[in-house]
*Asks:* 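Okay, handing you the structure first.
In each ligand, atom 1 is the first atom listed, and ligand 1 is the first ligand listed.
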Amino acid sequence: MIDDLWYKNAVIYCLSVGTYMDSNGDGIGDFKGLMRRLDYLHGLGITAIWLMPFQVSPNRDDGYDVSDYYGVDPRYGTLGDFVEFTHGAKQRGIRVLIDLVVNHTSNQHPWFKEARRDPNSKYRDWYIWSKKKPPRANQGMVFPGVQKSTWSHDPEAKAWYFHRFYDFQPDLNTSNPEVQAEILKIMGFWIQLGVSGFRMDAVPFVISTKGANVRKPEEQYDMLRFFREFLQWRQGDCIVLAEANVLPETDMEYFGKDGERMHMMFNFQVNQNLFAALASADTRPLIKAMKATKPRPATAQWGVFLRNHDELDLGRLSNQQREQVFAAFAPTPDMQLYNRGIRRRLAPMLDGDRRRLELAYSLLFTLPGTPVIRYGDELGMGDDLKLPERNCARTPMQWSNEPHGGFTQSDKPHVPVISGGPYGYEHINAAIQRRHPDSLLNWTERIIRMRKEVPEVGWGDFAIIPRLHVY
Ligand code: NOJ
Ligand code: CA
């Protein structure tokens, strides 16, 4: 058995550079600040960072609207700073995965500007157009309640363009071979700058057939092999971690039956059912989800997670289960989002109850797969429900009880730091927790060490052991 697939025994830590550490007092986190925190991350014991989008962007969807794939947004630093960062991470044995957001671009991307301006431009066919409003324009929105349609009219192009997400995120025509070649070029570029792979955004939509006449979009799974082959050829230990919230029956299509497609996928099935199990004090939904997602090729791996930067999507649960999870963890409408999910952080969902948090994290670190934690969860950070949509769970890291949690010297952080109340930086911060052996931070450090010492959790098979009912 091959036992050196690094991603099978990794602990992945997800962070966004803009909210981690500000080094120059402009209120926005940056690569220099992140560099200063690499030893903290090394001490915590994580082995890989998933860095959220940092490329040039108008930032209308937290960087998931890219306007230049080959540059660092100047707010965060320069390409030079980025390479210092990947180098610093490498010196500490930490790998870096970055987001690859190629289902769509920003509408400010020069490709889109050119495409809308000139029908004869080669970029016209890099996007999806229709002369008339397509009949299914009011279907398939990813952000229901906020996003009105999937097709918008562009007055300059005098045509409609397709956008699976917000209207400022026109979909790329990913079936176009030129677009595919560009995607490989983007991957090749960042590999050269020191990354070990990509968290690929919105994979089912990337590989889907798109167009005004597409009645039932179909996934073109062969594209996944095409991406992987390129990566393996350029750098053998590079991986793709796919964001694909799909049903278990298609999992093997994503992994490939010979393990020739995606190396890793987030396990959305286990994620949703884990919360259903917690809400109902009944392990059966979780067991069912674990069994349903058991088949996978030997080299493939699940990414296990509790919460991420998006809403906790409960769309795959039954209505009754979803209501039960809402009632337990997000009883008021302002805690819910898009009619299907919860926008809170984990700690407030569990009332900051240390025993329940430890239970949830014990599951995260022992379920089959590789754990993916989110910055601040090691401290039990909270959310700020005053911020719109998913932004409530994207507040700056709380480092100390200095002003603005030690995140910035600025009087006005770009995103407010959580202050006051049970989750304010005054109480919940890394500096205080460092000094208490029993803090959640030190507990997390220990469970990470444990996880790394027991590789069979990531590698091994599992069996469900019937439990004794002791009430
Ligand atoms: C999934 C990302 O996680 C989310 O934050 C983003 O809004 C959409 N993809 C669109 O890129
Ligand atoms: Ca800064």
*Asks:* Any idea which atoms of ligand 1 are less than 4.0 Å away from a heavy-atom of Asp310?
*Replies:*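 Matching atoms, with element in brackets: 1 (C), 2 (C), 3 (O), 4 (C), 5 (O).
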*Asks:* Within 3.0 Å of the Ca ion (ligand 2), is there any N, O or S atom belonging to Asn24?
*Replies:*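 It does: Asn24 brings an N, O or S atom closer than 3.0 Å to the Ca ion (ligand 2).
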*Asks:* Counting from 1, what ligand 1 atoms have a heavy atom of Glu243 closer than 4.0 Å?
*Replies:*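 That gives atoms 1 (C), 3 (O) of ligand 1.
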*Asks:* Decide yes or no on ring pair (Phe, Tyr, Trp, His ring centres under 6.0 Å) for Phe305 and Phe268, but give the supporting numbers first.
*Replies:* CA-CA 8 Å; Phe305 65 105; Phe268 282 93; 5.2 Å; yes
*Asks:* For atom 1 (C) of ligand 1, which of the options Asn103, Asp65, Val102, Asp201 provides the nearest non-hydrogen atom?
*Replies:*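 It is Asp201 that holds the nearest heavy atom.
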*Asks:* I need the minimum non-hydrogen distance between Val11 and Arg451, along with the two atoms involved.
*Replies:*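 The pair with the smallest heavy-atom distance is CG2-CG, 4.3 Å.
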*Asks:* So, does Glu378 use its side chain to make a donor-acceptor pair with the main chain of Gly376 at under 3.5 Å?
*Replies:*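 Yes; judged by distance alone, with no hydrogens or angles, the pair exists.
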*Asks:* For Arg296 and Pro368, which heavy atoms make the closest approach, and how far apart are they?
*Replies:*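 Shortest heavy-atom separation between Arg296 and Pro368 comes out as NH2-CB, 3.8 Å.
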*Asks:* Measure from NZ or CZ of Arg116 to the centre of the six-membered ring of Trp111 and say whether it is under 6.0 Å with the direction within 45° of the ring axis.
*Replies:*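 No; the conditions do not both hold, so Arg116 does not lie above the ring face of Trp111.
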*Asks:* Considering only N, O or S atoms, which atom of Asp26 is nearest to the Ca ion (ligand 2)?
*Replies:*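 Within Asp26, restricted to N, O or S, the Ca ion (ligand 2) is closest to atom OD1.
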*Asks:* Nearest 0.5 Å, what's the CG-CH2 distance between Asn173 and Trp126?
*Replies:*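 Taking CG in Asn173 and CH2 in Trp126, the distance rounds to 10.5 Å.
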*Asks:* Considering the heavy atoms of Phe143, write down every atom of ligand 1 situated less than 4.0 Å from one of them.
*Replies:*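 By the 4.0 Å cutoff, the relevant atoms are 7 (O).
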*Asks:* Quick check on contacts: which atoms of ligand 1 are under 4.0 angstrom from a heavy atom of Arg394?
*Replies:*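 That gives atoms 5 (O) of ligand 1.
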*Asks:* Non-hydrogen atoms of Arg199 versus ligand 1: any pair closer than 4.0 Å?
*Replies:*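 Yes, Arg199 has a heavy atom closer than 4.0 Å to ligand 1.
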*Asks:* Need the ligand 1 atom indices (1-based, order shown) with element for anything under 4.0 Å from a heavy-atom of Arg390.
*Replies:*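 In order of number, 4 (C), 5 (O), 6 (C), 7 (O).
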*Asks:* Please report the shortest heavy-atom distance between Arg124 and Ala115, naming the atom on each side.
*Replies:*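 Scanning both residues completely, I find the closest heavy atoms to be NH1-O, 2.7 Å.
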*Asks:* Of all the N, O or S atoms in Asp30, which has the shortest distance to the Ca ion (ligand 2)?
*Replies:*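 In Asp30, the N, O or S atom with the shortest distance to the Ca ion (ligand 2) is OD2.
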*Asks:* With distance as the sole test, does Arg343 use its side chain to make a donor-acceptor pair with the main-chain N or O of Asp334 at under 3.5 Å?
*Replies:*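 Side chain of Arg343 to backbone of Asp334: a pair is present.
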*Asks:* With a cut-off of 4.0 Å, which atoms of ligand 1 are near a heavy atom of Asp61?
*Replies:*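 The list of qualifying atoms is 6 (C), 7 (O), 10 (C).
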*Asks:* Please identify which atoms of ligand 1 are closer than 4.0 Å to at least one heavy atom of His104.
*Replies:*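 Per the distance check, 10 (C), 11 (O).
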*Asks:* What do we get for Met52 next to ligand 1 when only non-hydrogen atoms under 4.0 Å count, side chain, backbone, both or neither?
*Replies:*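 None of Met52 does.
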*Asks:* Look at the aromatic rings of Phe85 and Phe31 and report parallel, tilted or perpendicular, splitting at 30° and 60°.
*Replies:*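 Aromatic pair Phe85/Phe31 classed tilted.
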*Asks:* Is Thr150 reaching over with its side chain to a backbone N or O of Ala137, donor-acceptor style, under 3.5 angstrom?
*Replies:*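 Answer holds: yes.
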*Asks:* Given Phe266, Phe165, Phe205, which one has a non-hydrogen atom that is nearest to atom 8 (C) of ligand 1?
*Replies:*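 Closest candidate by heavy-atom distance is Phe165.
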*Asks:* Quick check: does Ile28 have an N/O/S atom under 3.0 Å of the Ca ion (ligand 2)?
*Replies:*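 True for Ile28.
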*Asks:* Measure from the Ca ion (ligand 2) to every N/O/S atom of Asp22 and report the name of the nearest one.
*Replies:*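 Result: OD1.
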